[in-house]
Amino acid sequence: MTTLFLQNARLIDGLAAEPQDGVSILIEAERIREVVPASAGRPAPAEATVVDLRGKTVVPGLIDTHVHMTMMDESYYPLFLAAGVTSARDLGGKLENVLALRTDLESGKLVGPRLLVYGPMLDGAVSSAEAPFFLDVSDRVPSPEAVPEKVGGLLEAGVDGVKLYY
């Protein structure tokens with residue numbers, strides 16, 4: 001198990017009213033286990049790799065809440081991480097393509113953010129748009145009675161949510 005001990009960091013966690021200086025952060029197996037102020041005097045565990053972040057700021061990973069990642073070249077995926085975006089929500093794409101991309105990102109085959117998959121946007125019986133882009137990222141629901149089957153199929157396929165478009 002990999003253990004990382006970050007010390008002397010300035011932390012902006014979104015909870016405290018002000019940035020916190022001199023914070024130590026213990027990370028074990030890619031999970032934050034402990035965040036302590038400098039005044040706590042927490043020593044680094046013997047097995048930990050210690051990184052001094054004096055002069056650096058730590059923030060939680062950001063989330064891009066609206067992407068269409070299968071419409072991007074894969075060379076762009078690492079740029080999300082470089083900008084601090086560690087999670088992205090894909091809100092419209094061909095289901096098999098987006099699920100395959102999520103698998104590749106989770107396995108490390110591709111480098112990029114954690115991907116939350118919504119599958120195709122569910123549109124009404126009459127398409128809201130006829131642009132080729134829209135037709136590639138949406139799926140029509142012919143009637144209200146067809147909604148449970150459409151949504152059920154997406155859930156069974158493993159989506160993280162569903163986007164309705166009308």
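Heads up: numbering here begins at 1 and tracks the sequence.
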For the pair D13 (side chain) and A16 (backbone), establish whether a donor and an acceptor sit closer than 3.5 Å, ignoring hydrogens and angles. yes
Could you check whether any side-chain N or O of Y77 sits under 3.5 Å from a backbone N or O of M69, counting only pairs where one atom can act as donor and the other as acceptor? yes
Quick one: does any side-chain atom of R10 pair with a main-chain N or O of T57 as donor and acceptor, under 3.5 Å? no
Might you work through the side-chain contact (heavy atoms from CB on, under 4.5 Å) test for V35 and V23, ending with a clear yes or no? CA-CA 7 Å; V35 177; V23 171; 3.5 Å; yes
Flag the pair D90 and R102 as a salt bridge only when some basic side-chain nitrogen lies within less than 4.0 angstrom of an acidic carboxylate oxygen. no
Are R89 and D64 close enough for a salt bridge, meaning some N to O gap below 4.0 Å? no
Is there a donor-acceptor contact under 3.5 Å from the side chain of N8 to the main chain of D52? no
Counting heavy atoms not belonging to E30, are there more than 12 under 6.0 Å from its CD? no
For atom CZ of R114, decide whether the heavy atoms of other residues, nucleotides or ligands shown that lie under 6.0 angstrom number more than 12. no
Working to the nearest 0.5 Å, report the span between CG of L4 and CG of L26. 8.5 Å
Give a yes or no on whether I32 atom CD1 has more than 12 heavy-atom contacts from other residues, nucleotides or ligands under 6.0 Å away. no
Given P120, which of L154, V137, V162 fulfils the side-chain contact (heavy atoms from CB on, under 4.5 Å) condition? L154
